[in-house]
2 protein chains.
Amino acid sequence: MAEQGWRERKKTLTRRALIEAGLRLFRDQGYQETSIAQVAAAAGVAPRTFFGYFAGKEDLVFADTPARIETALRVVDERGPEDTVADVLTRVAEETIAGNPGDVDLLGLASGRMDLVMSTPSLQGAALHRLWTTEQRLAGALLRAFPDDLDEVSAAMVVGSFAGAFMGAAGASLRRGDRPDEVRAAVGRAVRHAARGIRAGVG
Amino acid sequence: MAEQGWRERKKTLTRRALIEAGLRLFRDQGYQETSIAQVAAAAGVAPRTFFGYFAGKEDLVFADTPARIETALRVVDERGPEDTVADVLTRVAEETIAGNPGDVDLLGLASGRMDLVMSTPSLQGAALHRLWTTEQRLAGALLRAFPDDLDEVSAAMVVGSFAGAFMGAAGASLRRGDRPDEVRAAVGRAVRHAARGIRAGVG
DNA sequence: ATGCAAAAATGCAATCCGTGCGATTTTCCG
DNA sequence: CGGAAAATCGCACGGATTGCATTTTTGCAT
């Protein structure tokens with residue numbers, strides 16, 4: 001847990017500086033309109049250095065998702081004996097919502113990422129791709145947690161219908177201009193719908 | 001319906017040449033590894049001309065989807081009086097499958113696109129983004145077709161769960177290396193599952 | 001404190017996508 | 001045949017990435 005020293009500390013410091021500078025610039029002047037050179041300059045490093053921290057422009061925007069994904073997977077892995085597939089996925093969804101609609105507070109930059117992604121096509125694609133690969137991992141974890149109730153395809157199908165309902169509702173609610181709590185409610189309804197659908201099919 | 005003359009004819013001809021050349025090169029040497037310059041050269045036009053036909057490299061890969069999307073939307077618009085939401089979406093899915101898993105035959109280049117997309121991250125993102133925007137349009141059409149049973153959010157949620165289940169099943173089946181007919185079967189099962197889930201919730 | 005080796009930050013060149021613009025060539029039509 | 005409109009081209013940028021060689025920093029053992 002303990003960091004080595006100045007070396008490590010400085011690295012996470014630079015990383016954070018890049019994220020904050022990037023997110024701020026993206027929000028203020030737009031994603032496409034902001035060049036990596038600007039982000040690097042604002043963070044006080046050379047443009048080339050940016051790529052030592054992130055694989056690309058998109059990566060900076062989703063810098064906090066890996067942790068959230070691990071959390072979601074852990075929820076599945078820690079399935080209780082009495083839990084059903086729907087129970088577990090519902091809990092995953094709740095866990096996800098807890099730090100999603102209307103928030104972000106990534107590094108002090110509360111909100112903004114949702115709007116940013118929703119208003120930037122290329123980021124939408126990136127976000128959906130991450131969601132897609134995450135769904136696959138989630139399906140794998142689910143299959144491991146319920147080996148008697150599922151198979152590869154049904155696991156992926158269940159996760160897909162869940163995520164699909166979730167995203168569909170969230171997207172529509174946001175597009176409609178709902179308040180954060182309304183979005184939460186909409187998503188909650190979608191999750192319950194998906195859970196009901198699953199119970200009607202798989203154990 | 002009738003084309004003007006040589007002008008129009010040549011245009012669609014060049015367009016087709018670009019698509020065929022592109023798809024062939026993408027399949028043979030990979031998407032990322034193929035430059036637009038190569039595609040243009042193979043089609044006998046200047047690189048700059050490529051952008052007169054497609055907005056970008058990705059567009060070429062999905063050149064046939066617009067038509068398919070229109071078809072899907074039409075299926076929703078032509079809802080029968082007795083149809084339920086699940087009925088309509090099931091029909092949309094069938095319509096979609098009819099020309100999807102294992103095929104493509106876009107322009108004689110049977111198969112290959114599915115594999116191409118599944119093996120190219122950036123194309124996956126593009127494909128998912130197209131799916132996402134299509135879902136929105138589908139939700140809109142569905143809302144128009146069932147104004148008494150749905151609202152914006154529930155329509156999007158229903159479409160999302162449907163598409164999610166569809167994609168999840170298709171992806172898992174393909175990833176597992178299933179034969180085209182097996183993929184079809186898996187998707188069929190997913191569609192029935194999603195339909196059941198919808199019937200359990202919305203009318 | 002000093003010097004060396006590993007790690008990080010840079011600089012630079014090169015490739016490729018995508019776009020604006022002006023110059024050319026084709027095709028259409030009177 | 002003589003434009004006018006449409007389609008191609010060529011050219012020059014701006015910006016994302018990447019590979020490679022060079023220069024700074026930092027960690028650590030004398």
Side-chain angles (χ1 to χ4, degrees), chain A residues 2-19 21-23 25-26 28-63 116 120-127 129, chain B residues 2-19 21-23 25-26 28-63 116-117 120-127 129-130:
Chain A
E3 289 73 45
Q4 291 277 315
W6 187 237
R7 199 135 156 184
E8 305 295 317
R9 203 182 327 271
K10 186 183 177 187
K11 237 175 115 173
T12 61
L13 216 58
T14 301
R15 181 186 172 77
R16 181 170 308 196
L18 282 169
I19 294 177
L23 254 40
L25 288 172
F26 292 163
D28 295 350
Q29 24 175 278
Y31 180 75
Q32 309 272 10
E33 294 68 28
T34 303
S35 70
I36 287 182
Q38 286 175 55
V39 177
V45 297
R48 186 67 182 78
T49 301
F50 175 93
F51 295 98
Y53 286 87
F54 302 97
K57 218 170 158 181
E58 295 170 359
D59 261 56
L60 189 149
V61 177
F62 302 103
L116 183 63
T120 311
S122 79
L123 284 182
Q124 286 171 30
H129 186 257
Chain B
E3 289 72 45
Q4 290 279 320
W6 188 235
R7 193 123 103 191
E8 304 295 316
R9 201 178 334 267
K10 188 184 178 187
K11 236 175 116 174
T12 62
L13 216 59
T14 301
R15 181 185 172 77
R16 181 168 310 196
L18 281 170
I19 294 177
L23 255 40
L25 288 171
F26 292 162
D28 294 350
Q29 23 173 280
Y31 180 76
Q32 310 272 10
E33 295 68 29
T34 303
S35 70
I36 289 183
Q38 287 176 51
V39 177
V45 297
R48 187 67 184 78
T49 302
F50 175 93
F51 295 99
Y53 287 87
F54 302 97
K57 216 170 158 183
E58 294 170 355
D59 262 55
L60 188 149
V61 177
F62 302 104
L116 183 63
V117 174
T120 311
S122 80
L123 284 182
Q124 287 172 29
H129 187 256
R130 279 155 200 275

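Below, chain A is the first sequence line, B the second, and so on; all start at residue 1.
- Note on A/Lys11: a side-chain N or O is less than 4.0 Å away from OP1 or OP2 of C/dA8.
- Here the side chain of A/Tyr31 pairs no donor or acceptor atom with the backbone of A/Pro121 at under 3.5 angstrom.
- In this structure, B/Lys10 and B/Ala55 both approach DNA chain C, and ranking their closest nucleotides by distance from the 5' end singles out B/Ala55.
- Of all heavy-atom pairs between A/Val39 and A/Ala21, the closest is O-CB, 4.1 Å.
- When all heavy atoms of A/Ala43 and A/Leu18 are compared, the closest pair comes out as CB-CD2, 3.5 Å.
- Looking at B/Arg48, its side chain has no donor and acceptor atom pair within 3.5 Å of the base of C/dG18.
- You'll find a donor-acceptor pair under 3.5 Å spanning the side chain of B/Arg7 and the base of C/dT27, going by distance alone.
- Among the heavy atoms of the strands lying under 4.0 Å from B/Tyr53 are primed sugar atoms or P, OP1, OP2 only; no base atom is included.
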Nucleotides 14-16 of chain D: which of its N/O atoms have a protein N/O under 3.5 Å away?
residue : atom : partner : partner atom : Å
D/dA16  : OP1  : A/Ile36 : N            : 3.2
D/dA16  : OP1  : A/Lys57 : NZ           : 3.2
D/dA16  : OP2  : A/Ile36 : N            : 3.3

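- Atom CG in B/Leu60 sits roughly 14 Å away from atom C1' in C/dC17 (whole-Å rounding).
- For B/Leu18 and D/dC9, the CG to P distance is 10 Å, given to the nearest whole Å.
- For the pair B/Phe50 CZ and C/dT19 C1', the computed distance is 14 Å after rounding to whole Å.
- At least one donor-acceptor pair under 3.5 Å links the side chain of A/Thr12 to the backbone N or O of A/Arg9.
- Rounded to an integer number of Å, the gap from CD of A/Glu58 to C1' of D/dT17 is 12 Å.
- Nearest heavy-atom pair across B/Glu58 and B/Ser122 is OE2-O, 4.0 Å.
- Minimum interatomic distance between B/Lys57 and B/Thr34 (heavy atoms only, all atoms of both residues): NZ-O, 2.7 Å.
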